2 protein chains.
Amino acid sequence: MRTLLVERAARMLADREPVTLRALVEGTGASTMAVYTHFGGMPGLWSAVRQEGFTRLAGRLAAVPRTADPVHDLVALGVAYARNALDAPELYRAMFDARADLADALAADATFDRLVDAVARARDEGRLSPATDPRALATQYWAAGHGLVSLVVQGVLPAGGLAPLATRTAVALLTAAGDEPDRCRASVERAWAAG
Amino acid sequence: MRTLLVERAARMLADREPVTLRALVEGTGASTMAVYTHFGGMPGLWSAVRQEGFTRLAGRLAAVPRTADPVHDLVALGVAYARNALDAPELYRAMFDARADLADALAADATFDRLVDAVARARDEGRLSPATDPRALATQYWAAGHGLVSLVVQGVLPAGGLAPLATRTAVALLTAAGDEPDRCRASVERAWAAG
DNA sequence: GAGTATGACATAGCAGCGCTATGTTATGGC
DNA sequence: GCCATAACATAGCGCTGCTATGTCATACTC
């Protein structure tokens, strides 16, 4: 029942239908009380929906294959992140809703750790400077990507502009972290071409 | 009456009071109809509040002095942007609310143009590569800053972490655009120290 | 200057919202 | 067999944004 309601909410979100208590339970056979027994109320439901969003994102990132090029793999995570957001923009907006407490999204930590590990690997394999702080660079990388994706999802930037802007930003951040510019650019562009 | 209601809404936002139709007009002597005669409804009010937010931001950016160092001035705009957001986080969240149509915020264009001009000046004065596309770099710069500020406003990143992360990102973007690394770092850090 | 159109105001009440109080039913432990 | 517990349905509360309606002042027309 929990999963049924969460998935129905995600679908209504994707269909741009307003997710209200009564509209959510309609057709499920359940009554409005189901939301309170399982989630404690609408805020709890939204929290579960965000969890679901982060879980789906984690699944996408986990599906990114590991290749011999750690910088390529790092960028491939960003590409997967962007595709996940653009495939379900309403869910992405719900995940980062202004009035949401992101602290309740444990799955968010898992996805971020995946990014930190990818940075650490690129450093350990010599592509990035040994002085690189994986958490700091991952945060910069995530923030820049999140900023770009948010502006696209919100309609400020055209979707077609995302790839070139993200490419430039990724190259800038990674070369500043010590990667060799030409090699970096090749890795980044290959990741975007593959995604 | 328009400005009175908008400013009251901004103040309620800052005070973390829920901005509802009845709560907004209470104490102003006006009735709920005032919102409909002046704004056409609550969405219109929110649009006006966002306009007000962008106007205040434009005022902050306009107050940033022009110095002899164009890269310093560019970063100073970013510092002013961040300070504006952190001084009124609820207003910032309303400005970039997920369900807001940012197209109605004409003042947003003005603030972005200010950033584009600063990039163009840095290029024309030889600090950045002549091949630099001011709009593209300004967009990268804004997206990265917006991403970082959003995460801080949302409580994901601690406020104290903003300056070092923004510094690193700014240096990465500007050196990738052709600025000399040491000189760039000095300009960036001076701008953060001054702000 | 009288008549009137227009815009801003107040009042009352609508449907919808999230939520809760209450009653009912099914399941599992002793 | 008894009962505690959890999940369900129903009804209704207070609040939301919004609208229908009436009033009033201003300003424009002739």
Side-chain angles (χ1 to χ4, degrees), chain A residues 1-53 90-91 93-105 154, chain B residues 1-53 89-105 154:
Chain A
M1 195 71 207
R2 258 191 76 98
T3 59
L4 174 73
L5 287 176
V6 169
E7 284 173 7
R8 180 170 166 82
R11 164 157 293 173
M12 292 176 71
L13 219 45
D15 294 345
R16 286 190 159 67
E17 302 169 19
V19 181
T20 68
L21 177 62
R22 288 168 178 77
L24 177 67
V25 299
E26 194 169 0
T28 63
S31 81
T32 60
M33 275 306 292
V35 173
Y36 291 86
T37 55
H38 292 292
F39 305 99
M42 287 301 282
L45 173 76
W46 284 113
S47 176
V49 168
R50 285 194 296 274
Q51 285 283 4
E52 170 70 14
E90 299 298 325
L91 183 56
R93 279 153 65 138
M95 285 163 62
F96 291 98
D97 189 282
R99 58 205 175 295
D101 184 9
L102 234 59
D104 64 2
Q154 216 153 8
Chain B
M1 196 70 208
R2 258 190 76 97
T3 59
L4 173 74
L5 286 176
V6 169
E7 283 173 7
R8 181 170 165 81
R11 163 157 293 174
M12 292 177 71
L13 220 44
D15 294 345
R16 286 188 161 68
E17 301 170 20
V19 181
T20 69
L21 178 61
R22 287 169 178 77
L24 177 66
V25 298
E26 193 169 0
T28 63
S31 80
T32 59
M33 274 305 293
V35 174
Y36 292 85
T37 54
H38 292 292
F39 305 100
M42 287 302 282
L45 173 76
W46 284 114
S47 175
V49 168
R50 284 194 296 274
Q51 284 283 5
E52 171 70 13
E90 298 299 325
L91 183 56
Y92 186 82
R93 279 153 64 138
M95 285 162 64
F96 291 99
D97 188 281
R99 57 205 176 297
D101 184 9
L102 234 61
D104 64 3
Q154 217 153 8

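The figures that follow rest on heavy atoms only: side chains count, while hydrogens, waters and symmetry mates do not. Since we're looking at a predicted model, the values are computed, not measured. Below, chains carry the letters A, B, ... as their sequence lines are ordered, and counting in each starts from 1.
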Separation of D/dT16 C1' from B/M12 CE (nearest whole Å): 13 Å
Distance test, side-chain N/O of B/T37 to OP1/OP2 of C/dC9, below 4.0 Å: yes
B/F39 backbone acceptor or donor facing B/R2 side chain under 3.5 Å: no
Whole-Å gap separating P (C/dA12) and OH (B/Y36): 17 Å
Distance, nearest 0.5 Å, that separates CG of A/L5 from CE of A/M12: 10.5 Å
A/L24 CG to A/M42 CE distance, which is reported to the nearest 0.5 Å: 6.5 Å
Nearest-angstrom distance from the residue atom CE of A/M42 to P of C/dT20: 13 Å
Separation of C/dG18 P from A/W46 CH2 (nearest whole Å): 9 Å
Between D/dG12 (P) and A/M33 (CE): distance, integer Å: 17 Å
d(CG, A/L21; C1', D/dG12) in whole Å: 14 Å
Any donor-acceptor pair under 3.5 Å from B/R8 side chain to B/E26 backbone: yes
Below 4.0 Å: OP1/OP2 of C/dG7 and any side-chain N or O of B/H38: no
5'-most by nearest nucleotide on DNA chain D - A/A30 or B/V35: A/A30
Where A/V49 and A/A9 come nearest, the two heavy atoms and their spacing: CG2-CB, 3.8 Å
Helical bend (five base pairs per end, nearest 10°) for the helix from C/dG1-D/dC30 to C/dC30-D/dG1: 10°
Pairwise distance CE(A/M95) to CD(A/E90) - rounded to 0.5 angstrom: 13.0 Å
Donor-acceptor contact below 3.5 Å, side chain B/Q154 vs main chain A/D97: yes
Rounded distance in Å - CG (B/L45) to P (D/dG17): 10 Å
Donor-acceptor pair under 3.5 Å, B/R22 side chain vs D/dG17 base: yes
Gap between atoms CG and C1', on A/L4 and D/dA7 respectively (whole Å): 15 Å
C/dA10 phosphate, OP1 or OP2, under 4.0 Å from B/S31 side-chain N/O: yes
